[in-house]
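Single-structure report; data block below.
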2 protein chains.
Amino acid sequence: MSEVESFFKSAFSVDNVIFGFDGGDLKVLLIQRGAAPFRGKWALPGDLVYPNEDLDTAAERVLEQLTGLRGVYLEQVRTFGAVNRHPLGRVITVAYFSLIKVSDFALTPASFAQSARWHSISEVGELAFDHNEILDICMQRLQRKVRNAPVGFELLPEKFTLTELQQLYESVLNLPKNKGLDKRNFRKKILSMNVLVECEEMQEGVAHRPAKLYQFDRDRYHQFVAEGFSFDI
Amino acid sequence: MSEVESFFKSAFSVDNVIFGFDGGDLKVLLIQRGAAPFRGKWALPGDLVYPNEDLDTAAERVLEQLTGLRGVYLEQVRTFGAVNRHPLGRVITVAYFSLIKVSDFALTPASFAQSARWHSISEVGELAFDHNEILDICMQRLQRKVRNAPVGFELLPEKFTLTELQQLYESVLNLPKNKGLDKRNFRKKILSMNVLVECEEMQEGVAHRPAKLYQFDRDRYHQFVAEGFSFDI
DNA sequence: CGGGTTTGGTGTAAAAAAAACAATAAGCTC
DNA sequence: GAGCTTATTGTTTTTTTTACACCAAACCCG
């Protein structure tokens with residue numbers, strides 16, 4: 001094999017850290033591997049990139065095949081390329097994370113086939129390949145991102161209460177519940193940005209005083225950004 | 001060709017945006033391509049990744065072959081993988097940026113061969129491949145990074161004046177000279193972090209009052225970080 | 001050697017932002 | 001309607017950020 005040819009004896013894949021928020025906890029969607037290597041181990045959903053496929057498209061495809069969702073928040077994080085990261089050959093992988101609303105998630109045939117399951121971030125065990133490292137890095141990226149861009153809303157239903165939003169932040173930033181963020185200051189700050197609109201409706205089905213529901217106003221946010229505003233929590 | 005084989009008809013490269021600071025201006029080191037495609041065009045230094053080489057190692061190699069430097073600041077930024085970004089085949093590239101002290105830079109045989117030259121950021125023209133996009137993204141990353149990590153010092157000599165440091169920030173952040181940052185406030189802020197130590201020596205060879213020289217104290221910085229400090233300008 | 005030129009170095013006051021802190025209101029259950 | 005649970009709201013203090021102007025030190029040149 002010539003030297004030039006050997007450069008082409010390699011492949012690349014994408015791996016997608018799919019975050020969700022449910023039951024007051026940040027979760028990640030993992031699949032249990034059905035084939036070697038690492039058969040039976042939990043792993044990040046991913047796939048080789050098709051020869052005629054852009055990287056972002058591949059990440060979207062992985063997400064859609066597993067969850068049926070399109071057009072959700074997706075961000076490239078980092079590429080992992082240690083020589084021996086894949087036991088069967090030289091495969092570098094481009095890591096992405098996506099943020100989905102758990103309620104939108106429907107099991108697809110692919111997700112049955114691969115036994116997909118949500119795992120609380122704190123309860124993720126040893127994963128296949130270098131996926132623990134990838135998850136860590138994506139988690140750090142999410143923690144930074146959530147503080148200076150309005151991406152937290154991607155994890156909540158369209159309409160949410162301020163308490164839910166605060167719990168989301170406490171969960172992502174790994175702060176003690178109702179201790180990390182001061183309730184009054186949090187509300188003051190988020191409302192002062194003027195990117196939330198109050199819905200007519202109230203929370204329903206709770207055994208206590210129902211809270212107001214809010215929605216994130218994307219248009220207004222983008223307008224503010226154009227005027228120099230920057231989201232910061 | 002089987003489908004599996006076709007996955008291996010692809011290669012990956014690294015491209016390195018090498019930043020330097022000289023004459024009060026932020027610069028980037030470019031090479032003029034001697035071969036097709038894009039012969040004669042300026043481009044980012046880069047190379048295919050060897051089959052047994054880690055990505056970071058490849059980026060270090062590219063840097064060393066061009067500048068003779070090792071152990072400098074290097075950070076992976078993003079991977080560019082549009083299907084048609086390379087005219088000769090499917091090549092995805094992992095972009096890095098590095099920060100070097102221009103005074104340490106010595107032309108190596110490779111840099112002669114490739115006609116390497118520093119270009120002011122503001123005067124970079126049309127580059128080969130998607131290198132303008134890569135440069136833009138790396139520039140944005142540097143602008144963010146310089147504000148929340150002490151990486152600016154990587155671009156300055158070991159000993160520097162506070163005015164030089166301020167000019168570096170104004171240049172990287174693209175602020176009007178002596179207008180963007182208030183001199184007194186800048187000095188107050190940077191000195192209050194306690195990560196600069198005053199040298200015995202003074203600036204020499206200037207036709208005006210010489211300034212005190214300072215050094216960045218890495219050990220003290222890391223100690224502070226361990227105690228919860230975070231650099232922020 | 002003295003006046004001019006150039007950059008170096010310094011403090012304070014006002015404004016804005018962040019942090020600390022606790023009582024009342026509203027709906028539900030029984 | 002009594003009791004439980006969560007929702008909602010403002011003020012004070014502290015910290016951080018911004019705005020702003022003059023004297024000092026060295027060199028140059030005549």
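The chains referred to below are lettered A, B, ... by the order of the sequence lines, with proteins before strands, and numbering in each begins at 1.
- Residue A:T163 is classed as a sugar-phosphate contact, given heavy-atom separations below 4.0 Å to backbone atoms only.
- Annotation: side-chain hydrogen bond (donor to acceptor under 3.5 Å, both in side chains) contacts of A:K159 (sequence neighbours excluded): A:E201.
- As rounded to whole Å, 12 Å separates atom C1' of D:dA25 from atom NZ of B:K212.
- Checked against side chain to side chain contact (heavy atoms under 4.5 Å, CB included), A:A211 has the following partners two or more places apart in sequence or in another chain: A:T161, A:Q203.
- Chain B approaches DNA chain C within less than 4.0 angstrom (heavy atoms of the protein), and the contacting nucleotides run 5' to 3' from C:dT6 to C:dT12.
- Among residue pairs with one or both ends in residues 180-205 of chain B, those qualifying as ring pair (Phe, Tyr, Trp, His ring centres under 6.0 Å) are B:Y169-B:F186; sequence neighbours excluded.
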Exercise answer: donor-acceptor pairs, residues 69-80 of chain A side-chain atoms, under 3.5 Å, sequence neighbours excluded:
| unit_1 | atom_1 | unit_2 | atom_2 | d |
| --- | --- | --- | --- | --- |
| A:Y73 | OH | A:E75 | OE1 | 2.5 |
| A:E75 | OE1 | A:K145 | NZ | 3.4 |
| A:E75 | OE2 | A:R141 | NH1 | 2.9 |
| A:Q76 | OE1 | B:T79 | N | 2.7 |
| A:Q76 | NE2 | B:T79 | O | 3.0 |
| A:T79 | OG1 | B:T79 | OG1 | 2.4 |

For residues 218-228 of chain A, run the donor-acceptor check on the side chains, cut-off 3.5 Å, and write out each pair with its distance to 0.1 Å, sequence neighbours left out.
| unit_1 | atom_1 | unit_2 | atom_2 | d |
| --- | --- | --- | --- | --- |
| A:R218 | NH2 | A:E154 | OE2 | 2.9 |
| A:R220 | NH1 | A:N194 | O | 3.2 |
| A:H222 | ND1 | A:R218 | O | 3.1 |

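- The existence of a salt bridge linking A:R147 and A:D232 is excluded, since no basic side-chain nitrogen approaches an acidic carboxylate oxygen closer than 4.0 Å.
- Comparing A:P210 and A:D182 against DNA chain C, the residue whose closest nucleotide sits nearer the 5' end is A:D182.
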Less than 3.5 Å apart, which donor and acceptor atoms pair up between the side chains of residues 98-112 of chain A and the rest of the protein, not counting sequence neighbours?
| unit_1 | atom_1 | unit_2 | atom_2 | d |
| --- | --- | --- | --- | --- |
| A:S98 | OG | A:N16 | OD1 | 2.9 |
| A:S98 | OG | A:N16 | ND2 | 3.4 |
| A:K101 | NZ | A:F153 | O | 3.3 |
| A:K101 | NZ | A:L156 | O | 3.1 |
| A:T108 | OG1 | A:Q65 | O | 2.6 |
| A:T108 | OG1 | A:L66 | O | 3.0 |
| A:T108 | OG1 | A:A110 | N | 3.4 |
| A:T108 | OG1 | A:S111 | N | 3.2 |
| A:T108 | OG1 | A:S111 | OG | 3.0 |
| A:S111 | OG | A:L66 | O | 3.0 |
| A:S111 | OG | A:T108 | N | 2.5 |
| A:S111 | OG | A:T108 | O | 2.7 |

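- If you measure from atom CD1 of B:I233 to atom C1' of D:dT16, you get 15 Å, rounded to the nearest angstrom.
- Comparing A:N185 and A:H208 by the nucleotide of DNA chain D whose heavy atom lies nearest to each, the residue mapping closer to the 5' end is A:H208.
- Smallest separation of non-hydrogen atoms from B:G40 and B:Q32: O-NE2, 3.1 Å.
- For B:D130, the side-chain hydrogen bond (donor to acceptor under 3.5 Å, both in side chains) partners at least two apart in sequence or on another chain are B:R85.
- Applying the salt bridge (Lys or Arg N to Asp or Glu O under 4.0 Å) rule to B:E204 yields no partners; only residues at least two apart in sequence or on another chain are considered.
- Within residues 187-203 of chain B, the residues having any heavy atom under 4.0 Å from DNA chain C are, by residue number, B:R187, B:K188.
- In this entry the distance linking NZ of A:K177 with C1' of D:dT6 reads 16 Å, nearest Å.
- The salt bridge (charged side-chain N to carboxylate O under 4.0 Å, His left out) analysis of residues 108-129 of chain A, with sequence neighbours excluded, yields the pairs A:K41-A:E126.
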Every protein N/O within reach of nucleotides 21-23 of chain D N/O, cut-off under 3.5 Å:
| unit_1 | atom_1 | unit_2 | atom_2 | d |
| --- | --- | --- | --- | --- |
| D:dA21 | N1 | B:R184 | NH1 | 3.3 |

